[in-house]
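Reading through the structure tokens given below for one structure.
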Amino acid sequence: MTVFKSMQINATGLNLERLKLDTISTNIANANTTRTENGEAYRRKVVVFRERLSAETDRQSGLASVRSEGVSVVGIAEDQSDFRLEYSPEHPDADENGYVRLPNVNMVDEMIDLIRTQRTYEANVTALNTSKSILKKALEISKD
Amino acid sequence: MNVNGIGTGSISRIADKQSSNTGTSFKDIINDQLSKLNDSQIRADQMAQDFISGEVEDLHAVMIATEEARLSLDLALQVRNKIVEAYKEINNMQL
Amino acid sequence: MPDYSYSMIKNALDASSMRQRAISSNIANINTPNYKVNKVEFEEHLKNAINGTSLKKTHEKHFGANGIGDVKATIEKKKNTSLDETGNNVDIDIEMTELAANEIYYSTLIQLLNAKYSKLNAAINR
């Protein structure tokens, strides 16, 4: 129902941040995974997203317009930057030179992303609550 | 607070506004106002319908349309009451 | 003297709703690469109408006696503010401030509207 459009918009934001959170958690949990199903070390995952636009035709004027309505998730991609190399000849996954390929996950970066995700999540919650207040206010029109 | 009473005063104001396009006939004035009243009721119903079917974007628009319809109806009822009162008063005059 | 204030209040409420959606989208897109902030223009249009100057010539509307009551809000993307490294120009602090301000704006308008309705009610049912 489009009366709740504002809230739905922030819902897309909440959705995105939650997905990001899951992705960050997975990255952190796999920070040292040297072997995955494809034989390689774990590759850092990132969420790809973009602005959600909707094409609408105004009923009265017949004008078409594009409206900004939150975010939409495109998918989850793998960070293609290089693996870290560590010299560790006894490691079962060491190559012929004794180097192990470790995931391209940087703990500090993940922590920063985590904090940013949390802040953004909270901002979206605040916006959603404000939208709710506004709707309640509208119901008070001439409430005698 | 500036409060205007409803009485013949408002009807003459309506007459002033309308005389340019509908003529000064009282019947025309009443008909015009009645159709406006009807429009406001229809608009309110339409708004309610749009809201329920999910077409409305602004909740306040629905509340406003409803309130405008209610006030129009109230006004029309009061005007009718005054007219009926006046009629009765004239009827009771000793001739 | 014609009473624009009732139509102005209605248009301002529409503007505030539009603004709420714009701000919501800005907040959802805080981290979206290349995202540009949504901005709703209403007060500027009103000022122009009151001063008798109209920016958009495409409108053909002459802001005469009733013009001020007909001014509506428009929404556009703000492109001239500073960008971060991903091309995004959302400033979360500005958006949160706008969010709070808009809520108060809306509440105030509702109160003004109710005051008008009270007066009408009293006048009709005296």
Side-chain angles (χ1 to χ4, degrees), chain A residues 2-17 20 46-54 56 58 60-61 63 65-74 113 116-117 119-144, chain C residues 9-10 13-14 16-40 72 74-78 86-88 90 92-93 95-122 125:
Chain A
T2 48
V3 194
F4 305 121
K5 179 58 64 75
S6 228
M7 294 170 73
Q8 287 161 354
I9 289 176
N10 283 120
T12 67
L14 291 173
N15 217 26
L16 171 66
E17 298 309 315
K20 278 195 199 167
V46 290
V47 181
V48 182
F49 53 97
R50 56 162 185 236
E51 182 183 3
R52 185 166 167 272
L53 297 168
S54 78
E56 302 209 348
D58 188 54
Q60 290 149 345
S61 56
L63 292 170
S65 59
V66 169
R67 317 251 297 241
S68 176
E69 296 191 341
V71 281
S72 61
V73 175
V74 174
D113 280 351
R116 186 189 300 166
T117 296
R119 270 188 78 199
T120 307
Y121 191 89
E122 283 166 0
N124 275 287
V125 169
T126 305
L128 199 143
N129 284 333
T130 302
S131 296
K132 205 165 46 148
S133 288
I134 283 184
L135 280 175
K136 282 192 188 165
K137 265 290 167 186
L139 288 176
E140 285 176 22
I141 289 183
S142 194
K143 189 186 188 178
D144 45 9
Chain C
I9 293 178
K10 288 203 277 190
L13 279 169
D14 288 345
S16 187
S17 264
M18 197 188 269
R19 189 163 279 152
Q20 184 61 24
R21 287 191 287 275
I23 295 172
S24 290
S25 204
N26 289 341
I27 291 180
N29 280 287
I30 285 176
N31 297 312
T32 308
N34 284 317
Y35 177 82
K36 302 296 181 284
V37 163
N38 293 319
K39 180 124 175 67
V40 171
K72 298 215 189 287
T74 58
I75 184 170
E76 57 208 28
K77 291 275 184 192
K78 220 162 64 167
T86 65
N88 173 309
V90 178
I92 185 171
D93 298 320
E95 294 308 312
M96 297 311 276
T97 308
E98 290 276 335
L99 185 69
N102 192 44
E103 183 176 1
I104 298 195
Y105 186 66
Y106 195 89
S107 289
T108 309
L109 288 169
I110 298 282
Q111 286 198 10
L112 293 173
L113 194 68
N114 281 339
K116 279 225 173 282
Y117 286 145
S118 282
K119 279 193 215 170
L120 279 175
N121 232 343
N125 293 313

- Query: Are any side-chain N or O atoms of C:Asn114 and backbone N or O atoms of A:Glu140, one a donor and one an acceptor, separated by less than 3.5 Å?
  - Reply: yes
- Query: Where on A:Ala138 is there a heavy atom nearer than 4.5 Å to chain C: the side chain, the backbone, both, or neither?
  - Reply: both
- Message: With side-chain contact (heavy atoms from CB on, under 4.5 Å) as the criterion, how do A:Ile134 and C:Asn102 come out once you've worked through the C-alpha distance, each side chain's angles and the decisive distance to 0.1 Å?
- Response: CA-CA 9 Å; A:Ile134 283 184; C:Asn102 192 44; 4.2 Å; yes
- Query: Could you state the interatomic distance from CD (C:Gln20) to CE (A:Met7), rounded to the nearest 0.5 Å?
  - Reply: 10.5 Å
- Is a side-chain donor-acceptor pair under 3.5 Å present for C:Thr32 with A:Glu51? no
- Item | Smallest separation among heavy atoms of A:Ala123 and C:Ile92, with atom names | CB-CD1, 4.1 Å
- Item | Residue pairs passing the salt bridge (Lys or Arg N to Asp or Glu O under 4.0 Å) test where at least one lies in residues 97-117 of chain C, sequence neighbours excluded | C:Asp3-C:Lys116
- Note on the structure: One should read off an interatomic distance between C:Ser24 OG and A:Asn124 CG, to the nearest 0.5 angstrom, of 8.0 Å
- Closest contact, heavy atoms only, C:Lys77 versus A:Ser68: NZ-OG, 3.8 Å
- Message: To the nearest 0.5 Å, what is the distance between OG on C:Ser107 and NZ on A:Lys136?
- Response: 12.0 Å
- Separation of C:Asn29 CG from A:Ser72 OG (nearest 0.5 Å): 8.5 Å
- Message: With chain C as the partner, which of A:Ala11, A:Gly70, A:Gly13 has the greatest number of non-hydrogen pairs under 4.5 Å?
- Response: A:Gly70
- Query: Sequence neighbours excluded, which residues qualify as side chain to side chain donor-acceptor pair (under 3.5 Å) partners of A:Thr12?
  - Reply: none
- Nearest-0.5 Å distance that lies between atom CG in C:Leu13 and atom NZ in A:Lys137: 11.5 Å
- When C:Asn31, C:Ile23, C:Ile30, C:Leu113 are compared by non-hydrogen pairs under 4.5 Å with chain A, the top option: C:Asn31
- Task: Measure the spacing between CD1 of C:Ile27 and OG1 of A:Thr130 and express it to the nearest 0.5 Å.
- Result: 7.5 Å
